[in-house]
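Notes follow once the structure below has been shown.
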Amino acid sequence: MVLQLFAGHSFYGGGAVVAVVLAMKKIPYQFVLVDMAKKQHKSPEHKARHPFGQLPALDDDGFVIYETRAICKYLENKYPGQGVRLAPPLSDIKGQAMYDQMLSVELCDFYRPMLRVAQEVIFKPMFGAETNQANLTDGVNDLGMKLDVYEGILAKQKYIAGNELSLVDLYHLIYAPGLAPAGVDIMTRAERPHVARWWNELISTPTYVKLKAEGYPIEA
Ligand SMILES: N[C@@H](CCC(=O)N[C@@H](CS)C(=O)NCC(=O)O)C(=O)O
């Protein structure tokens with residue numbers, strides 16, 4: 001049975017990142033649309049796949065897994081030598097340690113404040129709620145402080161976990177590309193030239209650009 005990706009319409013969510021990884025690793029898959037507008041993600045059928053009733057989820061011949069980062073890691077571990085390699089080999093203990101370190105940084109230091117900003121400028125407006133300016137300012141300041149640290153890291157290396165593109169870089173594509181269209185240009189400010197260089201390259205990744213232009217599903 002073919003591998004199935006269950007995801008929504010949203011270009012900025014985790015489903016798009018899984019689709020990018022599937023394409024970069026040349027893994028054939030079937031895209032199954034779960035329509036959030038119709039609340040299909042809260043249906044008993046989908047909750048059997050994802051008990052939190054969220055997207056995305058993956059079904060690999062009966063093996064069902066959810067959480068964007070866990071899905072991508074599973075795909076990389078299952079197909080390490082296929083398509084683009086997106087993590088250091090498991091035998092590279094120090095490379096793995098550096099990679100794990102930045103996996104935590106993305107989730108704890110980047111994603112948390114980025115989500116605060118995204119709530120105010122992407123999700124609240126989407127659902128007709130008003131942006132809380134104080135929350136937005138706090139979120140932008142907090143994210144800016146983290147990006148100051150990123151600037152130092154990216155001054156010394158090409159990507160966030162080293163000199164090779166990895167899953168950690170791609171995880172930053174969850175929601176954050178939606179900030180600039182919503183008026184928050186924090187990822188490309190002139191005072192952080194290395195962050196801007198890294199970010200511009202990331203959002204210009206051909207597979208990602210193709211997904212944005214053509215929508216799901218995409219092939220490498
Ligand atoms: N940490 C999860 C977040 C999943 C998530 O919040 N997905 C959104 C769509 S992009 C969703 O399902 N929202 C509906 C809800 O939380 O009820 C992941 O990365 O997969």
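Note that ligands are numbered from 1 as they come in the structure, with each ligand's atoms numbered from 1 the same way.
Classified by interplanar angle (parallel below 30°, tilted 30° to 60°, perpendicular above 60°), the ring pair His172/Trp198 is perpendicular. In this pair, Phe52 and Tyr66 present their aromatic rings perpendicular. The plane angle is above 60°, beyond the 30 to 60° band.
Judged by the shortest distance from any of its heavy atoms, Pro56 lies inside the 4.0 Å radius around the atoms of ligand 1. Taking 4.0 Å as the cut-off, Tyr175 counts as a neighbour of ligand 1 on heavy-atom distance.
Tyr74 and Asp60 are linked by a side-chain donor-acceptor pair at a separation below 3.5 angstrom, with hydrogens and angles left out of the test. Side-chain atoms of Arg197 and His194 include no donor-acceptor pair closer than 3.5 Å. When only modelled atom types and interatomic distance are considered, Asn135 and Glu120 share a side-chain donor-acceptor pair under 3.5 Å.
Here the heavy atom of the protein found nearest to atom 19 (O) of ligand 1 is Thr68 OG1, 2.9 Å. When only non-hydrogen protein atoms are considered, atom 3 (C) of ligand 1 lies nearest to Gln54 OE1, 3.9 Å.
At a heavy-atom distance under 4.0 Å, no atom of Phe123 approaches ligand 1.
Ranked by closest heavy atom to atom 17 (O) of ligand 1, the top entry among His41, Lys42, His50 is Lys42. Taking only non-hydrogen atoms, the option from His46, Arg69, Met36, Glu67 nearest to atom 13 (N) of ligand 1 is Met36. The nearest non-hydrogen atom to atom 12 (O) of ligand 1, considering only Leu107, Val18, Val34, Leu55, comes from Leu55.
Under the 6.0 Å distance and 45° angle rule, Arg69 counts as a cation-pi partner of Tyr111.
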